[in-house]
Colleague: 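Could you have a look at this structure, given as structure tokens, before my questions?
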Amino acid sequence: MPVVRGKDIDVLFSASTIARRNLELAKEIAARDYDDLLVVSILKGSFIFAADLIRALHDMGQSPEVEFIFISSYGTGTTSGEVRVLRDIDNEVAGRDVLLIDDILESGKTLRFTRELMLERGARSVSIAVLLDKRGKRQTELDADFVGFDCPDYFVVGYGMDVAHAFRELPFVGVVTGDA
Ligand code: IMP
Ligand code: MG
């Protein structure tokens with residue numbers, strides 16, 4: 001079991017498992033034949049997944065534009081409450097096919113808010129790709145079009161995701177199980 005910063009981390013999805021899945025996801029996305037694809041990566045948690053997924057999309061012959069939106073949700077502990085934009089994208093979305101990329105779909109509030117924002121701005125379509133889906137935690141009706149893995153209800157870290165700003169750099173997705 002890896003030990004990072006003095007903590008035991010259980011590997012839930014290894015780097016190679018994620019890499020294989022990213023290629024499959026890219027294949028699924030390419031098969032949709034989007035006309036004018038604008039990828040919007042939701043910061044901060046999705047930056048590594050987005051970086052890998054767009055390179056997998058390149059391998060599938062896709063050339064999307066790539067943007068970043070910084071969304072923050074306030075709430076108690078790890079549950080999302082009010083959602084707002086901390087840093088917006090620069091591109092026009094009107095008439096375009098937007099693919100939102102996020103790390104985890106949990107309550108659904110972050111992605112629902114962001115999807116509506118893109119639709120209000122006139123996006124022709126808005127699709128959603130997430131690495132992990134915690135279906136049991138949904139508080140609003142929302143499903144992703146592309147899901148890497150169903151995720152058990154653990155608080156996970158790594159591959160872009162943090163707990164208290166730590167562990168984003170891990171190349172795998174894991175669960176902190178205790179002190180080493
Ligand atoms: P929601 O779907 O609006 O509830 O929020 C999902 C967001 O909460 C994700 O984009 C993550 O940033 C964060 N999040 C949810 N679960 C976890 C977790 O287990 N580890 C790290 N971040 C999480
Ligand atoms: Mg997030």
Side-chain angles (χ1 to χ4, degrees), residues 1-15 17-18 21-22 25 29 38-54 66-89 98-120 123 126-179:
M1 181 186 296
V3 177
V4 185
R5 303 184 201 229
K7 300 283 187 193
D8 285 319
I9 313 240
D10 244 344
V11 178
L12 202 54
F13 301 106
S14 71
T17 299
I18 295 170
R21 187 69 188 124
N22 283 343
L25 287 177
I29 294 167
L38 174 64
V39 163
V40 176
S41 158
I42 300 178
L43 297 176
K44 299 176 186 173
S46 79
F47 77 108
I48 294 181
F49 176 45
D52 284 347
L53 190 58
I54 61 174
V66 183
E67 265 288 0
F68 301 89
I69 191 165
F70 193 159
I71 300 282
S72 131
S73 21
Y74 292 93
T76 47
T78 56
T79 63
S80 310
E82 191 202 333
V83 183
R84 64 190 184 107
V85 178
L86 293 185
R87 183 206 177 277
D88 211 336
I89 58 174
V98 174
L99 177 66
L100 297 176
I101 300 187
D102 207 357
D103 50 359
I104 302 188
L105 174 52
E106 200 176 81
S107 76
K109 286 177 185 168
T110 305
L111 276 161
R112 208 179 75 158
F113 171 89
T114 314
R115 187 180 66 179
E116 303 225 312
L117 187 68
M118 298 298 139
L119 289 172
E120 274 165 28
V126 181
S127 319
I128 294 173
V130 295
L131 179 70
L132 304 177
D133 190 353
K134 290 186 183 173
R135 293 177 198 272
K137 304 277 278 192
R138 205 78 89 248
Q139 289 174 30
T140 176
E141 241 176 78
L142 186 101
D143 278 315
D145 302 87
F146 310 100
V147 175
F149 306 96
D150 282 318
C151 185
D153 185 19
Y154 301 128
F155 194 83
V156 298
V157 298
Y159 201 65
M161 294 171 280
D162 73 311
V163 58
H165 308 295
F167 303 119
R168 288 194 200 275
E169 77 284 5
L170 303 181
F172 54 85
V173 173
V175 181
V176 179
T177 54
D179 293 310

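All ligand and atom numbering here is 1-based and tracks the order in the structure. Nothing fancy with the numbering, it's 1 onward along the sequence.
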Colleague: Charged N to carboxylate O under 4.0 angstrom, Asp133 versus Arg138?
Modeller: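 Yes, this pair counts.
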Colleague: Check whether any heavy atom of Gly108 sits under 4.0 Å from an atom of ligand 1.
Modeller: yes
Colleague: Please list, in number order, the atoms of ligand 1 under 4.0 Å from a heavy atom of Asp162.
Modeller: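 Close to Asp162: 21 (C).
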Colleague: Apply the test side-chain hydrogen bond (donor to acceptor under 3.5 Å, both in side chains) to residues Asp10 and Tyr154: give CA-CA distance (whole Å), side-chain angles for both, the deciding distance (0.1 Å), then the verdict.
Modeller: CA-CA 11 Å; Asp10 244 344; Tyr154 301 128; over 6 Å; no
Colleague: Lys109 and Thr140: which non-hydrogen atoms are nearest, and at how many Å?
Modeller: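 Of all heavy-atom pairs spanning Lys109 and Thr140, the closest is N-CG2, 4.0 Å.
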Colleague: Examine Val156 against ligand 1 and note whether any of their N/O atoms are separated by less than 3.5 Å.
Modeller: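 Yes, since at least one N or O of Val156 sits under 3.5 Å from an N or O of ligand 1.
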Colleague: Looking at every non-hydrogen atom in both residues, tell me the closest pair between Leu43 and Phe70 and how far apart they are.
Modeller: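 Residues Leu43 and Phe70, closest heavy atoms: O-CD2, 3.7 Å.
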Colleague: With atoms numbered from 1 as shown, which atoms in ligand 1 lie under 4.0 angstrom from a non-hydrogen atom of Tyr154?
Modeller: 19 (O)
Colleague: Do you know the tightest heavy-atom contact between Val130 and Ile128?
Modeller: CG1-CG2, 4.0 Å
Colleague: Select one of side chain, backbone, both or neither to describe which atoms of Lys134 lie under 4.0 Å from any atom of ligand 1, heavy atoms only.
Modeller: side chain
Colleague: With nothing but distance in play, are any N or O atoms of Asp102 less than 3.5 Å from an N or O of ligand 1?
Modeller: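 Such a contact does occur with ligand 1.
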Colleague: Can you find an N or O of Met161 that's nearer than 3.5 Å to an N or O of ligand 1?
Modeller: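 In this structure, Met161 places no N or O atom under 3.5 Å from an N or O of ligand 1.
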Colleague: For atom 10 (O) of ligand 1, state which one of Val163, Thr140, Asp103, Leu132 supplies the nearest heavy atom.
Modeller: Asp103
Colleague: Going by the angle between their ring planes, with limits at 30° and 60°, are Phe149 and Phe13 parallel, tilted or perpendicular?
Modeller: parallel
Colleague: Give the atom numbers and elements of ligand 1 that come within less than 4.0 Å of a heavy atom of Ser107.
Modeller: 1 (P), 2 (O), 3 (O), 4 (O)
Colleague: Does Arg87 make a cation-pi contact with Phe68 (under 6.0 Å, within 45 degrees of the axis)?
Modeller: no
Colleague: Under 4.0 Å from a heavy atom of Thr110: which atoms of ligand 1 are those, numbered in the order shown and with their elements?
Modeller: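 Numbered from 1, ligand 1 contributes 1 (P), 3 (O), 5 (O).
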